Engineer: 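To start, I am sharing the structure in question, which I have written as structure tokens.
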Amino acid sequence: MSNDIQLFIPTYRVDECLAEIKQCLEHGWTGAGYKTIELEQAWTKYTGLPNAHFVASATAGLHLAVRLLKEQDNWANGDEIISTALTFVSSNHAILYENLNVVFADVDQYLCMDPKSIEERITPKTRAVLFVGLGGNAGQLQEVVRLCKKHNLKLILDAAHMAGTRINGRHVGHEADVTVFSFHAVKNLPTADGGMICFNDDEMDKEVRKWSWLGINKDTFSRTVSQGAYKWHYDVEVEGFKYHGNSIMASLGLVALKYLDRDNSYRRQLCSWYDELLGDMFERVPVARGCESSRHLYQILIDNRDEVMLALNEHQIYPGVHYRVNTAYNMYAHMVDTVPKATIASDRIISLPLHMQMTRLDVERICQTLKKIVQSMPAKKVVASAPKMQPVL
Ligand SMILES: *Cc1c(COP(=O)(O)O)cnc(C)c1O
């Protein structure tokens, strides 16, 4: 048996997944409709959110969120959305797809956007805030909600890590105009690829169903089951996208959703073992008060991060980094000096392995190894080989 401890391994309940997929194949329906509708209904029931539309990915969902809000409120090209640099690039690409400008706000101790920094970045061109709940953490989301109301800004919640995250007992998503979840294989509700876009406004939900299927105003499934000679008759109202999800992916999602709370509570168990065994030797990213996090990530902050990661690899332990500050990438490099805290964090964060196949023994091995590595390293100093934050031009 391999001694490797990987960062993320998706867990699929294979027999249950195959049973769902078998139904699709026997039914002769693998596309949008059928299982996608079942999953949408199961998701609204689980979260209490008024609407949910299953899409091909969270990236597609984020693009639709920006596009539809832009349409609704007549935003102009060059208008601004305040976002974070400490995220997967798709959060920010979604803004650029619509010819809007990304403005980065800096992060707080939760590595989420700091409301104070957001407020400083608001200009007459600001239209929305895109908040990322990093690792499942809600950070100061409630404060950001108040800020958006005060300044009449739309709030887009990138909840790619937040399936099952609750704030004061209620699932996240109610507080934003639109919330987008990811059901990618490495996320905590794994399909192979998929996402859920949840508008709180019913009309926007109707719109997004049209936009996710090329602007066609009725989905194929309801045309197939509808009676009459004109079922091929549909209108195309807008230049929409091919972004909807399919029934095979939804089948995997239906099974994963059944186990989501159980899985997240095991994730929290793994995290509390990390807390216990790492002791006070390590600086960790705290979970915000009142937030029951999905615990997609367990992050610590450490000096000499790159060396520590390499040393862990030598012990077959493979942690990750979430994320490199986006200003380290060429296309966002012009904003390199705007987010000092995110930049420092980006050099110091490690996401320790966290998945459903880990045991307490794995956590023990990781913590012991990590402690040994850190103790054997020279005392904290500026290390010449630390990653440079200068853009590569
Ligand atoms: C994974 C991720 C996305 C994109 O999700 P996909 O479903 O892979 O498109 C967006 N934002 C964040 C923060 C993510 O981690």
Side-chain angles (χ1 to χ4, degrees), residues 7-10 36 39 43 52-67 81-98 102 104-105 107 110-113 128-139 141 144 155-165 172-173 176 178-198 208 212 241-246 248-250 252-253 256-257 260 267 285 293-299 320-326 329 332 339 342 345-346 349 351 354-355:
L7 173 65
F8 299 135
I9 297 179
T36 66
L39 181 60
W43 190 248
H53 178 48
F54 185 55
V55 285
S57 68
T59 304
L62 288 164
H63 182 201
L64 289 168
V66 173
R67 177 56 178 258
I81 296 185
I82 300 176
S83 176
T84 176
L86 211 60
T87 185
F88 187 55
V89 285
S90 82
S91 318
N92 293 320
H93 281 16
I95 298 169
L96 298 183
Y97 293 156
E98 288 304 324
V102 175
F104 289 139
V107 298
Y110 308 110
L111 304 185
C112 294
M113 282 157 88
V129 171
L130 190 153
F131 188 93
V132 179
L134 199 75
N137 206 335
L141 178 59
V144 174
L155 178 56
I156 301 166
L157 179 58
D158 178 341
H161 302 174
M162 298 182 106
T165 287
V172 291
V178 55
T179 301
V180 179
F181 299 90
S182 174
F183 300 158
H184 185 270
V186 302
K187 303 294 159 72
N188 69 314
L189 192 162
T191 61
D193 244 327
M196 201 64 93
I197 180 167
C198 304
V208 77
S212 72
F241 306 98
K242 183 72 166 54
Y243 278 173
H244 62 77
N246 68 62
I248 301 293
M249 290 303 118
L252 300 178
L257 178 54
L260 181 62
R267 289 172 171 279
V285 179
S293 172
S294 62
R295 277 302 196 168
H296 176 57
L297 301 174
Y298 184 88
Q299 293 177 290
V321 174
H322 299 91
Y323 289 90
R324 265 185 87 203
V325 68
N326 286 187
Y329 303 129
Y332 294 106
V339 283
S346 165
I349 41 184
S351 304
L354 188 59
H355 58 77

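These numbers come from a predicted model, not from an experiment. As the structure lists them, so they are numbered: ligands from 1, and atoms in each ligand from 1. Numbering starts at 1 and runs along the sequence shown. What you see below is based on every heavy atom in this structure, not just the backbone, and it leaves out hydrogens, waters and symmetry mates.
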Engineer: Looking at ligand 1, does Gly195 have a heavy atom less than 4.0 Å from it?
Structural biologist: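 No, Gly195 has no heavy atom closer than 4.0 Å to ligand 1.
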Engineer: Using a strict 4.0 Å cut-off to heavy atoms of Thr87, name the atoms of ligand 1 that fall inside it.
Structural biologist: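 The atoms of ligand 1 under 4.0 Å from a heavy atom of Thr87 are 13 (C).
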Engineer: Do any N/O atoms on Ala58 end up under 3.5 angstrom from N/O atoms on ligand 1?
Structural biologist: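 Among all N and O atoms of Ala58, at least one is under 3.5 Å from an N or O of ligand 1.
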Engineer: Tell me the contacting part of Ala160 for ligand 1: side chain, backbone, both, or neither, using a 4.0 Å heavy-atom threshold, strictly below.
Structural biologist: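 It is the side chain that gets close, since no backbone atom is under 4.0 Å.
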Engineer: Could you tell me which atoms of ligand 1, counted from 1 in the order shown, lie closer than 4.0 angstrom to a heavy atom of Phe88?
Structural biologist: 2 (C), 3 (C), 4 (C), 12 (C), 14 (C), 15 (O)
Engineer: Between Leu111 and Gln299, which heavy-atom pair has the shortest distance, and what is it?
Structural biologist: CD1-OE1, 3.9 Å
Engineer: Report the relative orientation of the aromatic rings in Tyr97 and His63; use parallel for angles under 30°, tilted for 30 to 60°, perpendicular for over 60°.
Structural biologist: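 Aromatic pair Tyr97/His63 classed perpendicular.
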Engineer: Show the atoms of ligand 1 that are less than 4.0 angstrom away from any heavy atom in Ser91.
Structural biologist: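 This gives 11 (N) as the contact atoms.
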Engineer: Taking only residues at least two apart or on different chains, which pairs with a member in residues 179-196 satisfy side chain to side chain donor-acceptor pair (under 3.5 Å)?
Structural biologist: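 For residues 179-196: Asn188-Asn264.
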Engineer: Checking Phe183 now: which residues fulfil ring-ring contact (aromatic ring centres under 6.0 Å, His included) with it, not counting sequence neighbours?
Structural biologist: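 Counting only residues at least two positions away or on another chain, Phe183 forms a ring-ring contact (aromatic ring centres under 6.0 Å, His included) with Trp43.
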Engineer: Consider every N or O of Asp193 and every N or O of ligand 1, then say whether any pair is closer than 3.5 Å.
Structural biologist: no
Engineer: Can you tell which of Lys187, Met196, His322, His63 gets a heavy atom nearest to atom 1 (C) of ligand 1?
Structural biologist: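 Comparing heavy atoms across Lys187, Met196, His322, His63, the nearest one to atom 1 (C) of ligand 1 lies in Lys187.
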Engineer: Within a strict 4.5 Å, meaning less than it, do heavy atoms of the Asn326 and Phe104 side chains meet?
Structural biologist: yes
Engineer: Any nitrogen or oxygen of Asp158, side chain or backbone, less than 3.5 Å from one on ligand 1?
Structural biologist: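 So ligand 1 has an N or O lying under 3.5 Å from an N or O of Asp158.
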Engineer: When Met162 is tested against each of Val132, Val172, Val180 for side-chain contact (heavy atoms from CB on, under 4.5 Å), which residue passes?
Structural biologist: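 Filter result, single survivor: Val172.
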Engineer: Below a 4.0 angstrom heavy-atom separation, can you tell me which part of Val132, side chain or backbone, both or neither, approaches ligand 1?
Structural biologist: side chain
Engineer: Answer with yes or no whether the side chains of Thr36 and His244 bring together a donor and an acceptor at under 3.5 Å.
Structural biologist: no
Engineer: What atoms of ligand 1 come closer than 4.0 angstrom to any heavy atom of Ser182?
Structural biologist: 5 (O), 6 (P), 7 (O)
Engineer: Once you restrict to heavy atoms under 4.0 Å, what part of Tyr323 touches ligand 1? Side chain, backbone, both or neither.
Structural biologist: side chain
Engineer: What closest approach, in Å, do Ser294 and Gly136 show between heavy atoms, and which atom pair accounts for it?
Structural biologist: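 Smallest interatomic distance, heavy atoms only, reads OG-CA, 3.4 Å.
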Engineer: Test Asp158 against every option in Val178, Thr84, Leu130 by the side-chain contact (heavy atoms from CB on, under 4.5 Å) rule and name the one that passes.
Structural biologist: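 Checked Val178, Thr84, Leu130 against Asp158; only one passes side-chain contact (heavy atoms from CB on, under 4.5 Å): Leu130.
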Engineer: For atom 3 (C) of ligand 1, which protein heavy atom lies nearest, and how many Å away is it?
Structural biologist: Ser90 OG, 3.5 Å
Engineer: Which residue and non-hydrogen atom of the protein lie closest to atom 9 (O) of ligand 1, and at what distance in Å?
Structural biologist: Thr59 OG1, 2.6 Å
Engineer: Just jot down the ligand 1 atoms closer than 4.0 angstrom to any heavy atom of His161, in number order.
Structural biologist: 13 (C), 14 (C), 15 (O)
Engineer: His322 vs His161 aromatic rings, parallel, tilted or perpendicular, using cut-offs 30° and 60°?
Structural biologist: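 Ring orientation of His322 relative to His161: perpendicular.
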Engineer: Just so I know, are the side chains of Leu189 and Phe181 near enough to count as touching, which here means a heavy-atom distance under 4.5 Å?
Structural biologist: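 Sidechains of Phe181 and Leu189: no contact.
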Engineer: Should Ala60 be listed as contacting ligand 1, given a heavy-atom distance under 4.0 Å as the test?
Structural biologist: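 No, that is not the case, since the closest heavy atom of the residue is not under 4.0 Å from the ligand.
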Engineer: In terms of atom number and element, which parts of ligand 1 are under 4.0 angstrom from non-hydrogen atoms of Gly194?
Structural biologist: 7 (O)
